[in-house]
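Have a look at the structure below, then the notes.
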Amino acid sequence: YHCYCSPERLEAVRTEQQAQKSQYQGYDRHCRNLTAEERAEKENEGIKPVIRLKVPTEGKTSFTDILMGKITRKNSDVSPDPILLKSDGFPTYHLANVIDDHLMEITHIMRAQEWIPSGPLHILLYEAFGWEPPLYCHLPMVMGKDGQKLSKRHGSTAVAEFRKEGYLPEALLNYVSLVGWSYDGSREFFTKEELEELFSLEKINKAPGVFDYKKLEWFNGQYIRQKSDEELLELLMPYLEATGWDLSNKAVLLHLTAVAKDRLKVLKDIVVLARFLFEEPSWDDCSLFAAKGVDLSVASIALKRAYEILRSGLEAKKEQSVIEEELAALAGELGIKINGVFQPLRVAITGSTVSLPLFDSIELLGFDHTMNRIEDALKQVQKGIE
RNA sequence: GGUUCCUUCGUCUAACGGUUAGGACGGGAGAUUCUCAGUCUUCAAAUAGGGGUUCGAUUCCCCUAGGAACUACCA
């Protein structure tokens, strides 16, 4: 039916209902039973009407949900006479949805549980048109950590964002399949093909699930580790290329990939791990050179001596294990822990106390470059002590 | 407020009405070790509360509590 109520009147009705804490909420069906004269009068005033659905005030409407079972709602509880056609002639969602699905010959509607309350309204619409309603399956929603509808403030929510962060499609798919569903309670790894085979609506949980970014990360790490070095490098390239670094040495990149593989949670992480290869450390904070419980002056000596051991060892092409032993011996001599020697080296070479394994870092960087860096670092430490 | 849906470790979940309530993530401890990771071992951690039905209830029923969604001329 045509409704001529102004937005202002609707708003007034709404605030009045709220103020009264009225049990009845929504449109008051003001225009539902206008006489022909009253309508003509409104038309003459030039008011463009909306078209509302005359929802029955008696009886109930129900439909069967594949997951939820029978859902029934009293017609008096269905949204009172919702707008179907707006005053500008455009349909609202409910009208468009029903017509579109019907014309598209949709047989099954699977949507989130937040749509359950609109179910009876849609059924009413199908009945009004004399159409056969489709089958419904309302799926549990996915919530954020706070138990509210997952939204932007919980982190990434769009597939494109997950991809940008460096989540593998197969990891995301695998993880998401396990929110609200399980196969047998113990098996967790599924390929897309296996999911096509094994996924079943019947085993979907009714309760909403919380999206666990930690577990997604874990899945992603698992899938990353399943890749060959070559495959992984290919996936990593876009992230590396975005930095503007010189990536011409494929052998180095492959070695980098192999060493970084265990350390990646998301592909994007490669940038942090690789930075030392392409940018010179600044060593702004000299205290980084000193391991816990080690004096900076001692660290300085350790670095100097370690540098000599490294240089002669590498020049003589000694085994890594031999050089390691020599470095360990140095630590013993200085009365500090092994890390007291490794940390200043690590900081000198990579600029950070956290890095890829030391000898891999050296090999990636190359002998000359490594030596130069340690020499520079030595100067920094001297300045730091003074 | 009203309507509807939901309720097993912190999180995702498993358990023909009969199990020491299982697995995974995360957390703790330990091993490996040059840091960080990774890997391995290991520990803690739950049936929301109250009534029924039953020889027996996580499982079936009722009540309470809690949570969520919806309640637009948005979708």
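We use all heavy atoms of the structure for the numbers below, so side chains are in, but hydrogens, waters and symmetry mates are not. Just so it is clear: chains get the letters A, B, ... in the order the sequence lines come, proteins before strands, and each one is counted from 1.
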Look through every strand shown and name the nucleotide pairing with [N] as Watson-Crick or G-U wobble, where both distances are under 3.5 Å.
N	answer
B:U33	none
B:A14	none
B:C60	B:G52

Would you please classify the geometry between the A:Y167 ring and the A:F162 ring as parallel, tilted or perpendicular, with 30° and 60° separating the classes?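 Rings of A:F162 and A:Y167: perpendicular, as their planes differ by over 60°.
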Aromatic ring pairing A:F189/A:W218, orientation class (parallel under 30°, perpendicular over 60°, tilted between):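 Plane angle between 30° and 60°, so tilted.
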Counting side-chain heavy atoms from CB outward, which of B:C34, B:C25, B:U3 is closest to A:D77?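 Of the options given, the side chain of A:D77 lies nearest B:U3.
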For nucleotides 71-75 of chain B, tabulate all protein N/O to nucleotide N/O atom pairs closer than 3.5 Å, reporting atom names and distance.
| residue | atom | partner | partner atom | Å |
| --- | --- | --- | --- | --- |
| B:C73 | O2 | A:S87 | N | 2.9 |
| B:C73 | O2 | A:S87 | OG | 3.0 |
| B:C73 | N3 | A:S87 | OG | 3.1 |
| B:C73 | N4 | A:C5 | O | 3.3 |
| B:C74 | OP2 | A:K86 | NZ | 2.7 |
| B:A75 | OP2 | A:Y93 | N | 3.0 |

Using whole Å, what does the distance between atom [atom2] of nucleotide [N] and atom [atom1] of [X] come to?
X	N	atom1	atom2	value
A:K214	B:C12	NZ	P	16 Å
A:I116	B:C70	CD1	P	12 Å
A:W181	B:G23	CH2	P	20 Å

Taking B:A44 as the reference, what is the distance to B:G10 when you measure between their P atoms (whole Å, please)?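 Looking at atom P only, B:G10 and B:A44 are 15 Å apart.
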Does [X] place a side-chain N or O at less than 4.0 Å from the phosphate oxygens OP1/OP2 of [N]?
X	N	result
A:S182	B:A14	yes
A:K215	B:C12	no
A:N205	B:U7	no
A:Q148	B:A68	yes

Would you tell me whether [X] and [Y] have side-chain atoms, one donor and one acceptor, within less than 3.5 Å of each other?
X	Y	result
A:N75	A:T61	yes
A:E375	A:Y307	yes
A:Y1	A:D81	yes

Is it true that A:E11 and A:R14 make a salt bridge, defined as a side-chain N closer than 4.0 Å to a carboxylate O?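 A salt bridge is present here (some side-chain N lies under 4.0 Å from a carboxylate O).
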Hey, are A:K192 and A:E170 close enough for a salt bridge, meaning a charged N less than 4.0 Å from a carboxylate O?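 Between A:E170 and A:K192 there is no salt bridge, as every charged N stays at least 4.0 Å from the carboxylate O atoms.
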